Novice: 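Sharing a structure, written as C-alpha cells. Questions coming.
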There are 2 protein chains.
Amino acid sequence: MTGTADEPDKGAEVSGNEDRMVLGLMATRIGFRLRMLQTLLGARVVNGFAPYKLRPGAFTTMALIAANPGCSQVDLAREGGLDKSALVAIVDELEQRGLAIRGRSAKDRRRNSLFLTPDGEKLMKEMYRVAHDTERTIREGFSPEEITQFFGLLERAYQIVAREDLPAS
Amino acid sequence: MTGTADEPDKGAEVSGNEDRMVLGLMATRIGFRLRMLQTLLGARVVNGFAPYKLRPGAFTTMALIAANPGCSQVDLAREGGLDKSALVAIVDELEQRGLAIRGRSAKDRRRNSLFLTPDGEKLMKEMYRVAHDTERTIREGFSPEEITQFFGLLERAYQIVAREDLPAS
DNA sequence: TATTGTTATACTCTATAACTATA
DNA sequence: TATAGTTATAGAGTATAACAATA
C-alpha cells in the first residue's frame with residue numbers, strides 16, 4: 001500500500017547484533033513459552049493425524065465423548081475450548097463417518113446425548129497413540145517426578161485462570 | 001450436505017452421564033493441557049491489547065527486536081514461531097506507526113536490520129506490563145520454586161522438541 | 001544454488017449473530 | 001426469558017508458492 005523506500009533514513013546501512021537470538025522479556029512470559037512449545041507439538045499432531053482426514057478437534061471431541069458418554073455439545077465446547085458452533089461440523093463429520101452417534105437426551109430434549117460407536121472407540125485409541133507418541137521424547141527426557149510436577153503445575157495454572165474467568169469479578 | 005435425520009436409531013432417546021465432564025485420556029496429553037491454558041491466557045492478552053490496535057504478533061516482535069537489536073526478519077520468524085511472510089505485515093505496521101525501523105545490514109544486503117524507536121521501546125514496555133498482568137495470579141498462586149520449575153520444564157520440553165525437528169532424523 | 005524479503009493467494013479456524021425448539 | 005443446537009457469514013491467521021535481489 002505505502003511503499004516509500006527512498007527516504008534517507010529508512011534504507012540506511014546499519015550494523016547491529018546479528019548473532020544468536022535471545023528471548024529478552026519474553027523469557028519470563030508464561031503465555032509465550034506455552035505457545036512456542038505448543039506450536040511445535042501441534043505441527044507434529046497435525047502431521048500424524050493427516051492420514052485420518054479428520055478436522056482438528058475431532059480427536060479431542062472423540063476422546064471427551066469416550067470419557068463422558070451421553071455428554072452434550074455445549075459440554076464438549078466448554079471442556080474442549082471450542083465454540084459450540086464449531087462443534088456442529090465436527091460431530092456431523094464423526095456421525096457421517098460412523099464414529100459417533102447423536103442420541104437425544106430423554107431428560108432435556110434440547111440436548112444431544114453423544115456416544116462413540118465401536119469404530120469410534122477403536123479409532124480414538126489409535127489416534128491417541130499417535131498423539132501420545134509426539135510427546136514421547138519429552139516424557140523420556142523427564143523423570144517420573146518431573147512429569148507429575150509438569151502436569152500438576154499446568155493443571156493448577158489452568159484452574160486459577162478458569163476460576164477467574166467464570167464469575168463477574 | 002447430507003441431512004438425513006429420519007433414521008430410527010439416530011434420534012433415539014437415550015440417557016447417559018450428563019454430570020460434570022472428566023478429561024479421560026486427554027488428562028495425560030501435554031499438548032491438550034498446553035492448549036487449554038493457552039486458550040484462556042491468549043484471550044486475556046487479546047483483550048488487554050485491543051486498545052493498541054496492533055495485530056497479534058506485533059508485541060512479541062517488538063520484544064524480540066528489543067532483545068536483539070539489528071536482527072533480521074527470518075530471525076524473528078524462527079524465534080517467534082511465525083512464518084517469514086507473516087512478519088512482513090507486522091514490521092510494515094510497526095514501521096508505519098513509528099515503532100520500529102528497517103535498516104539495511106551492511107554485511108549482508110539481503111537482510112533488514114531491525115530496531116525499535118524510542119516510542120517503540122516505550123510502547124513495548126507498556127504492553128509487556130499488560131501481558132504480564134494476565135499471568136499475575138498464576139505467579140501469585142505458585143511459590144517462587146514452582147515458578148522456576150515451571151519455566152524450567154517448559155524450556156526443557158521445548159528444547160527437546162525443537163532439537164528433534166531441526167535435523168533430518 | 002541458497003537465502004532474504006516480498007507479494008499474492010488460498011485455506012482454515014474462529015467469532016458473531018440469528019434462527020428453532022425446547023425449557 | 002434462557003439454553004441447546006444449528007446455520008450462515010465475515011474476519012483473522014496461516015501456509016504456500018512464486019518472484020527479485022543478493023550471497
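Numbers restart at 1 for each chain; the letters A, B, ... are given by sequence-line order, proteins then strands. Quantities reported herein were computed from a predicted structural model and do not represent experimental measurements.
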Novice: Could you tell me from which nucleotide to which nucleotide of DNA chain D, 5' to 3', there is an atom under 4.0 Å from chain A heavy atoms?
Specialist: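 Footprint of chain A along DNA chain D, 5' to 3': D/dA2 to D/dT7.
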Novice: Using side chain to side chain contact (heavy atoms under 4.5 Å, CB included) as the criterion, point out the one residue from B/Leu116, B/Leu99, B/Ile65 that pairs with B/Glu121.
Specialist: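 Between B/Glu121 and the candidates, side chain to side chain contact (heavy atoms under 4.5 Å, CB included) is satisfied uniquely by B/Leu116.
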Novice: Can you tell me how far C1' of C/dT6 sits from CG of B/Asn112, to the nearest Å?
Specialist: 10 Å
Novice: Which residue, B/Arg55 or A/Gln73, contacts DNA chain D at a nucleotide closer to its 5' end, judged by nearest heavy atom?
Specialist: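 Going by which nucleotide is closer to the 5' end, it is A/Gln73.
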Novice: Closer than 3.5 angstrom, by distance alone: can the side chain of A/Glu135 be matched with the main-chain N or O of B/Gly31 as a donor-acceptor pair?
Specialist: yes
Novice: For A/Gln149, check side chain to side chain contact (heavy atoms under 4.5 Å, CB included) against everything at least two apart and list the hits.
Specialist: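 Residues passing side chain to side chain contact (heavy atoms under 4.5 Å, CB included) with A/Gln149: A/Glu146, B/Gln149, B/Leu153.
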Novice: NZ of A/Lys53 versus P of C/dT12: gap in Å, rounded?
Specialist: 11 Å
Novice: Say whether, by atom type as modelled, one donor and one acceptor occur between the side chain of B/Arg33 and the main chain of B/Thr28 under 3.5 angstrom.
Specialist: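 Looks like no, no N/O pair under 3.5 Å.
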Novice: Between A/Arg44 and B/Glu164, is the closest basic N to carboxylate O distance under 4.0 Å?
Specialist: yes
Novice: Between B/Arg35 and A/Thr60, is a side-chain hydrogen bond (donor to acceptor under 3.5 Å, both in side chains) present by the stated rule, with each step listed?
Specialist: CA-CA 11 Å; B/Arg35 177 161 55 83; A/Thr60 301; 3.2 Å; yes
Novice: Listed by chain and number, what are the salt bridge (charged side-chain N to carboxylate O under 4.0 Å, His left out) partners of B/Glu126, not counting sequence neighbours?
Specialist: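 Scan of B/Glu126 (salt bridge (charged side-chain N to carboxylate O under 4.0 Å, His left out), adjacent residues dropped) gives none.
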Novice: A/Gln38 side chain to B/Gln38 main-chain N or O, any donor-acceptor pair under 3.5 Å?
Specialist: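 No; zero donor-acceptor contacts below 3.5 Å.
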Novice: Once you round it to whole Å, what is the distance between C1' of C/dT6 and CD of B/Glu95?
Specialist: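 Taking atom C1' of C/dT6 as the reference, CD of B/Glu95 is at 13 Å.
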Novice: By side chain to side chain contact (heavy atoms under 4.5 Å, CB included), which residues pair with A/Lys122, not counting sequence neighbours?
Specialist: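 If we apply the side chain to side chain contact (heavy atoms under 4.5 Å, CB included) test to A/Lys122, skipping adjacent residues, there are no hits.
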Novice: Which residues in residues 77-92 of chain A have at least one heavy atom lying under 4.0 Å from any atom of DNA chain C?
Specialist: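 The stretch gives A/Asp83, A/Ser85 as the residues lying under 4.0 Å from the strand, ordered by number.
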Novice: Charged N to carboxylate O below 4.0 Å: is that the case for A/Arg111 and A/Asp75?
Specialist: yes
Novice: Using heavy atoms and a sub-4.0 Å distance, could you list which residues of residues 35-44 of chain A are near DNA chain D? By number, please.
Specialist: none
